[in-house]
Amino acid sequence: MACRDMDKCEAAAKEIRGETLSHNVFAKHLDLSSMKSIREFAKRINEEEDHIDILINNAAVMRCPYWKTEDDFEMQFGVNHLGHFLLTNLLLDKMKTTGRARIINVSSLAHVAGEIDFDDLNWEKKKYNTKKAYCQSKLANVLFTQELARQLQGTGVTANSLHPGVAATELGRHTGMHKSAFSSTMLGPLFWLLVKTPVQAAKPSVHLAVAEELEGVSGKYFDGTKEKEPASQAQDEAVARKLWEISAKLVHLEERQSVATAGISSAIIDAQPTKW
């Protein structure tokens, strides 16, 4: 379990150990708003683990104020997309050696309202809109999954994305829904009739991770546990490739790979779900 808040992570890990009677549940620190933290986490995992069978990219921040990550990215784009993009790429070699590994990227139905603004991904030129920024990041999740699946063809590793449903978690803390009397008294009861518990919302991710009938299925989008066609803008292969290329440059992925490749001739190089 890779988490930013280690107190919550340890508490959850302890609960899982108690319910499953398994000691093989570990809590590791990972802050997706920090490229340094991501690289340190990936380095530890690659060194300590023999194989990686499943990676569930679950972390997200939703409709927060205009905040920047440690590396000066707009927070929602930085955490929801770039953080997962870098983490996944740093773990890919290990997953490829595992065989039949699965990557699950938790997106959202909000991707249908998303638009990738390549001229201003970090909202430095236009007025900040928390909702549009969130939708952009969730669209990026689906596009990333599509291009990742394309690049993974023939490796045995699959990648799929999903909408888990609206869950009763702290994700919506910045939406302000419960701050007004009208929302709390009139919309609140309706909201709680439609919302899923965290356990219910986690089931689609678990299904994609272990369902036998999904072995070999890749590059798909799921609404819950059912495959569904994503929004048209999420199916644009040219946009997906461009987003990948720009993302790689933003997180300096290509530079790191070039350095590693350059050292192969003179050295033998030996070469998880996130929760925000």
Side-chain angles (χ1 to χ4, degrees), residues 1-20 22-62 64-65 67-95 97-98 101-107 137 140-141 144 148 159 164 167 169-174 198-199 201-202 205-206 209 247-248 250-253 255-257 260 269-276:
M1 298 174 60
C3 306
R4 179 177 61 92
D5 188 323
M6 288 306 294
D7 289 336
K8 291 182 178 180
C9 190
E10 291 286 2
K14 182 178 180 181
E15 181 179 344
I16 295 171
R17 292 187 199 107
E19 291 187 7
T20 63
S22 171
H23 296 291
N24 296 316
V25 181
F26 305 99
K28 303 283 188 180
H29 180 259
L30 171 63
D31 184 351
L32 287 173
S33 69
S34 166
M35 298 295 113
K36 178 182 178 182
S37 176
I38 295 168
R39 292 188 184 281
E40 290 175 347
F41 171 81
K43 184 175 185 294
R44 289 199 303 272
I45 295 298
N46 283 322
E47 291 175 348
E48 297 172 4
E49 302 298 329
D50 293 329
H51 54 89
I52 301 172
D53 298 288
I54 299 164
L55 172 65
I56 302 178
N57 289 316
N58 178 68
V61 59
M62 177 182 181
C64 62
W67 294 338
K68 289 290 192 77
T69 68
E70 179 178 292
D71 305 278
D72 210 31
F73 302 123
E74 185 270 320
M75 185 64 71
Q76 296 186 84
F77 185 72
V79 169
N80 300 355
H81 169 60
L82 290 177
H84 290 133
F85 175 86
L86 177 60
L87 175 64
T88 302
N89 273 285
L90 294 178
L91 298 178
L92 271 185
D93 285 344
K94 180 74 69 173
M95 299 193 80
T97 62
T98 298
R102 299 187 187 188
I103 300 167
I104 296 94
N105 293 322
V106 180
S107 181
S137 72
N141 291 154
F144 165 48
L148 178 61
T169 68
E170 295 180 359
L171 179 63
R173 65 174 72 89
H174 299 296
V199 171
S205 295
V206 175
S247 299
L250 288 173
V251 301
H252 305 293
L253 181 66
E255 293 176 15
R256 299 279 297 197
Q257 290 176 330
I269 300 176
D270 294 323
Q272 127 185 103
T274 52
K275 181 178 180 181
W276 185 259

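Treat the numbers as computed from the prediction; the structure is a model and nothing was measured.
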Any [X] side-chain heavy atom under 4.5 Å of [Y] side chain:
X: Ser22; Y: Arg17; result: no
X: Thr69; Y: Leu82; result: no
X: Leu55; Y: Met95; result: yes

Got a sec, which residues hit salt bridge (Lys or Arg N to Asp or Glu O under 4.0 Å) with Glu19, two or more places apart in sequence or on another chain? none
Identify the two heavy atoms, one from [X] and one from [Y], that lie closest to each other, and give their separation to 0.1 Å.
X: Asp31; Y: Ile38; answer: O-CG1, 3.9 Å
X: Leu86; Y: Arg39; answer: CD1-NH2, 3.9 Å
X: Lys94; Y: Glu49; answer: NZ-O, 2.9 Å
X: Asp5; Y: Asp7; answer: OD1-N, 3.1 Å
X: Gly78; Y: Phe73; answer: CA-CB, 4.0 Å
X: Cys64; Y: Gln76; answer: SG-CG, 3.8 Å

List for me each residue that meets side-chain contact (heavy atoms from CB on, under 4.5 Å) alongside [X], sequence neighbours excluded, and say none if there are none.
X: Lys68; value: Tyr66, Asp72, Glu124
X: His23; value: none
X: Glu48; value: Lys28, Arg44
X: Glu70; value: Ser34, Lys36

Under the 3.5 angstrom rule, does the side chain of Arg102 hit a backbone N or O of Asp53 as a donor-acceptor pair? no
Is it the case that the side chain of Asp71 and the backbone of Met35 share a donor-acceptor pair, with hydrogens and angles ignored and the cut-off at 3.5 Å? yes
Output the distance between atom [atom1] ([X]) and atom [atom2] ([Y]), rounded to the nearest 0.5 Å.
X: Ile103; Y: His84; atom1: CD1; atom2: NE2; result: 12.0 Å
X: Asp93; Y: Asn46; atom1: CG; atom2: CG; result: 7.5 Å
X: Ser37; Y: Arg4; atom1: OG; atom2: CZ; result: 10.5 Å
X: Leu91; Y: Thr98; atom1: CG; atom2: OG1; result: 10.0 Å
X: Asn80; Y: Leu32; atom1: CG; atom2: CG; result: 9.0 Å
X: Met1; Y: His29; atom1: CE; atom2: NE2; result: 13.5 Å

Go through it in stages, so that I can follow the logic: the residues are Cys3 and Lys8, the test is side-chain contact (heavy atoms from CB on, under 4.5 Å), and I'd like the CA-CA distance, side-chain angles, deciding distance and then a yes or no. CA-CA 8 Å; Cys3 306; Lys8 291 182 178 180; over 6 Å; no
From CA spacing to verdict: side-chain contact (heavy atoms from CB on, under 4.5 Å), Leu87, Leu30: CA-CA 10 Å; Leu87 175 64; Leu30 171 63; 3.9 Å; yes
List for me each residue that meets ring-ring contact (aromatic ring centres under 6.0 Å, His included) alongside Phe85, sequence neighbours excluded, and say none if there are none. His81, Phe144, Trp244
Dump the intermediate steps for salt bridge (Lys or Arg N to Asp or Glu O under 4.0 Å) on Glu10 and Lys14, then the final yes or no. CA-CA 6 Å; Glu10 291 286 2; Lys14 182 178 180 181; over 6 Å; no
Hey, mind stepping through Asn57 and Asn105 against side chain to side chain donor-acceptor pair (under 3.5 Å) and telling me if it holds? CA-CA 5 Å; Asn57 289 316; Asn105 293 322; 2.8 Å; yes
